[in-house]
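A short write-up of the structure that comes next.
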Number of protein chains: 2
Amino acid sequence: MAQVNEIEPTWNILGDSFPKQYEVPEEVEKKPKAENISKIKLKLQDIQDAHNRIKSDVVFTPVIEAKYVGKNFCNVFLKCENLQNTGSFKARGACNILSSMSPSDKSKGCTVSGGRNYLSAMTYYGFKQSVPINVIVPKDCPLVDKHTYKENFAIVKVHGNDLNDASLHALTYCDEIGSNYVHGSDRLDLIAGYGTLGLELLTQMDKMDAILCPVGSGGLVASLVLAVKSLKPNCLIYGVECSAAPTMTKALQEKKPVMIQLNPTIADSLSTIIASNNAFNIVRGYLDRMITVDEVWISRAMINILEREKMVVEGAAACPVAAVMAGKVPELRGKNIVCVLSGGNINSSRMSRVIDRGMAAEGRLVKFSVALPDVPGAMAKLLAKVTDNGADVKSFVPERAWMRRDIFTVNMLIETSDIHHAKDLEKKLLKDYPHSHFIML
Amino acid sequence: MAQVNEIEPTWNILGDSFPKQYEVPEEVEKKPKAENISKIKLKLQDIQDAHNRIKSDVVFTPVIEAKYVGKNFCNVFLKCENLQNTGSFKARGACNILSSMSPSDKSKGCTVSGGRNYLSAMTYYGFKQSVPINVIVPKDCPLVDKHTYKENFAIVKVHGNDLNDASLHALTYCDEIGSNYVHGSDRLDLIAGYGTLGLELLTQMDKMDAILCPVGSGGLVASLVLAVKSLKPNCLIYGVECSAAPTMTKALQEKKPVMIQLNPTIADSLSTIIASNNAFNIVRGYLDRMITVDEVWISRAMINILEREKMVVEGAAACPVAAVMAGKVPELRGKNIVCVLSGGNINSSRMSRVIDRGMAAEGRLVKFSVALPDVPGAMAKLLAKVTDNGADVKSFVPERAWMRRDIFTVNMLIETSDIHHAKDLEKKLLKDYPHSHFIML
């Protein structure tokens with residue numbers, strides 16, 4: 001990246017660290033226009049101030065070396081923001097906003113709407129700093145989320161069918177009751193708060209070649225670009241999005257934030273329709289790469305982090321690990337890279353489902369439909385056959401209603417040790433039960 | 001605890017720190033006989049030597065302040081051995097054993113049998129230090145465990161119906177092939193390795209009033225007594241056992257290790273039939289309390305650690321947190337206490353079950369059996385009723401086979417936000433469907 005001499009940059013960017021010897025398909029536009037850079041009002045000093053303001057109220061989260069992710073390819077370190085207060089990095093932003101407010105603004109209270117992690121963080125620090133918080137949520141807000149906000153003594157109001165309705169209502173409602181409206185993205189004090197994560201990383205990691213960071217509306221990755229590129233300019237910074245909501249990828253392609261069509265994703269907290277304007281202006285030209293990962297890889301990454309790294313993460317937080325696992329960063333072979341585990345707020349019943357989905361994706365949970373003769377002992381024989389082959393029957397549903405001649409169907413969910421074991425079992429079962437379907441995943 | 005002057009103790013015990021103002025039902029026998037103390041060959045220096053030997057090969061695991069456990073009662077800190085190599089504190093012991101071996105012993109290799117965590121650790125460090133490892137497992141050893149040992153390039157032999165058979169065979173087998181038999185408990189070099197956890201804690205915690213540690217055969221708690229009581233004598237050390245396998249409680253009552261009857265438990269790695277002799281001799285007279293916790297509290301602790309602290313732990317590791325949650329440590333109000341999360345090796349399908357069991361224990365997953373009239377739309381009406389009350393139907397099984405007159409039964413599994421919500425739902429459903437059973441858990 002060439003040094004931008006024609007204008008006074010608001011932070012120092014030195015040297016170009018991008019590895020030129022690799023073809024990187026998603027490389028983003030370099031060399032931002034001067035007028036864009038001068039627009040950015042946030043400075044490294046703001047992040048350092050935020051750090052001093054909030055350091056006693058947020059967790060200095062540990063960095064753990066991954067045991068399996070990236071094994072034999074690169075050294076992966078996990079920055080555990082899932083262990084942050086309220087379970088996500090949003091705590092840093094919320095704490096910085098509230099700590100920066102004047103006493104008179106604090107007494108007026110705040111009105112907020114937005115994503116689960118942001119609202120949890122605002123209500124948590126609102127209670128801690130005695131700022132009354134009004135939360136506006138849409139009708140389909142999950143019970144457990146409302147429960148969390150109320151635990152933090154926030155006033156919860158339900159309005160509208162979706163997040164947009166709720167946010168619009170919040171704007172008028174805050175005027176009615178005379179409280180401050182605090183938007184959940186695009187605020188510079190929010191980004192300054194997030195940036196403290198970058199400052200922590202710089203003290204925790206001796207050798208850090210790259211940071212992979214989940215991207216929703218882009219606040220976190222922008223803050224890392226600002227904090228880390230200022231102090232350690234040759235550290236690569238990559239953003240990782242889920243392919244269901246590629247807001248930043250689209251914004252960089254179109255050279256401005258644009259609305260996108262959303263698809264359902266397990267990484268639900270990345271599901272935003274447009275990149276934040278400030279974030280876009282900060283990352284533009286300084287972000288080294290954007291990567292997108294699909295749902296199957298996110299599920300596999302989540303179960304890997306759960307089983308191998310012993311940590312609970314939400315879908316969004318698993319995206320950087322998914323990018324490594326899916327082989328999307330060949331240029332980082334042998335490097336020390338940090339994957340930011342941005343949060344761990346996933347509800348338990350969804351987690352059960354993720355475990356099943358992740359196991360299915362790895363061929364460790366398979367469905368098998370078998371046609372059996374309707375004779376005594378047929379089911380016992382089938383179960384014995386599966387067990388003898390070292391597999392475990394998790395569920396077993398005979399469908400007698402669809403009986404045809406002397407045959408009926410049994411649907412089984414079977415746990416195997418890996419895809420090879422599953423395929424081996426398929427072969428053995430097909431020998432005895434030719435009228436069978438084997439459904440992987 | 002009175003200072004023992006009549007003999008030369010092998011480590012320094014100073015002062016009595018036990019809080020006398022509380023009635024503690026399970027207080028253990030104090031003042032050990034002199035001949036017992038003189039029997040203990042392990043010194044603090046051995047643990048310090050082990051620390052220097054293994055520190056570059058094991059993870060200096062982080063201590064995290066718990067966000068919810070002990071809230072409004074005491075400050076709970078979690079020592080995250082689930083983030084250790086191989087997912088448990090056994091790594092420290094295994095690494096110390098193998099690092100202490102002579103080159104000629106190393107080339108002969110080791111033969112081992114025992115629990116999952118011990119075998120994972122031995123095979124992992126065996127591969128790292130180029131020591132061939134033979135593992136003897138019984139027939140019922142889970143596939144996934146054998147898979148782990150083989151991943152670490154160990155030779156896995158199956159022998160016998162249970163762990164006893166396998167261990168006996170290992171003793172003769174190691175002679176046959178001329179390798180070293182390495183017992184999984186009661187070795188002093190194993191305990192010395194575990195003790196490094198205590199040394200780490202002393203550097204990590206400024207103020208530490210008590211340590212709660214899971215107890216199986218007692219190696220870990222013995223090592224903590226030795227390491228921590230030597231350097232910080234007024235720190236309380238409590239052992240926590242599952243009530244299904246109270247080996248150390250029984251040993252302290254009987255004044256010697258005795259065989260006990262085992263019951264099935266989710267804390268399976270604590271399921272040992274007798275306390276280790278060396279561990280017993282170390283803890284006797286110096287351990288401040290033994291506590292037992294039951295299965296329901298262990299499940300609740302596990303789901304709490306998973307949902308609130310964002311960490312994966314096995315049943316054994318959840319026991320100290322269970323003791324705090326169950327209100328078993330009233331004397332620790334306002335204190336800084338460390339719960340040792342000893343390991344995180346739980347397989348995923350068991351985890352799904354634990355989530356369900358934990359949710360059931362908290363009244364968040366309930367079963368409801370409803371008698372419905374056999375008319376069109378009856379099921380749709382019932383489902384709408386449940387949904388309108390803010391609950392979520394997880395499964396729905398109509399039992400037409402047991403139809404009697406014009407009524408049939410539907411079994412539902414329903415997710416609610418808490419026990420109050422569940423009870424409220426019960427009332428509302430009973431009004432419309434009087435022939436119904438509500439089954440909590």
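FYI, side chains are in, hydrogens and waters are out, and symmetry mates aren't considered; it's all heavy atoms of this structure. Chain identifiers are assigned alphabetically (A, B, ...) following the order of the sequence lines, protein sequences preceding nucleic acid strands; residue numbering begins at 1 within each chain.
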- [ ] Heavy-atom pairs under 4.5 Å with chain A are the metric here; pick the option from B:Asn347, B:Asn82, B:Thr61 that has the most.
- [x] B:Asn82

Task: Close side-chain approach of B:Lys67 and A:Asn85, heavy atoms under 4.5 Å - done: yes

Task: Per-residue contact mode, A:Gln84 against chain B (heavy atom under 4.5 angstrom) - done: backbone

- [ ] Evaluate the side-chain contact (heavy atoms from CB on, under 4.5 Å) criterion for residues A:Met351 and B:Leu306: first the C-alpha distance (whole Å), next the side-chain angles of each, then the deciding distance (0.1 Å), finally the verdict.
- [x] CA-CA 10 Å; A:Met351 179 134 61; B:Leu306 205 66; 3.8 Å; yes

TODO: State whether the number of non-hydrogen atoms from other residues, nucleotides or ligands found under 6.0 Å of B:Phe127 atom CZ is greater than 12.
DONE: no

Task: Residue part contacting chain A, namely of B:Asn345, when any heavy atom lies under 4.5 Å - done: both

Task: Atom group of A:Ile355 that falls short of 4.5 Å from chain B, counting heavy atoms - done: side chain

Task: For chain B, the option from A:Lys146, A:Arg364, A:Arg308 that forms the most heavy-atom pairs under 4.5 Å - done: A:Arg308

Task: Spacing of OG belonging to A:Ser417 relative to CG belonging to B:Asp145, to within rounding of 0.5 Å - done: 11.5 Å

Open item on the list: Could you check whether any side-chain heavy atom of A:Lys310 comes within less than 4.5 Å of a side-chain heavy atom of B:Val313, counting everything from C-beta outward?
Closed with: no

Open item on the list: Do A:Met311 and B:Val312 have side chains that approach each other closer than 4.5 Å (heavy atoms only, starting at C-beta)?
Closed with: no

- [ ] Let me know if A:Glu309 has heavy atoms under 4.5 Å from chain B in its side chain, its backbone, both or neither.
- [x] backbone

Task: Any side-chain heavy-atom pair of B:Glu65 and A:Val59 under 4.5 Å - done: no

- [ ] Select one option (side chain, backbone, both, neither) describing which atoms of A:Ile64 are under 4.5 Å from chain B's heavy atoms.
- [x] side chain

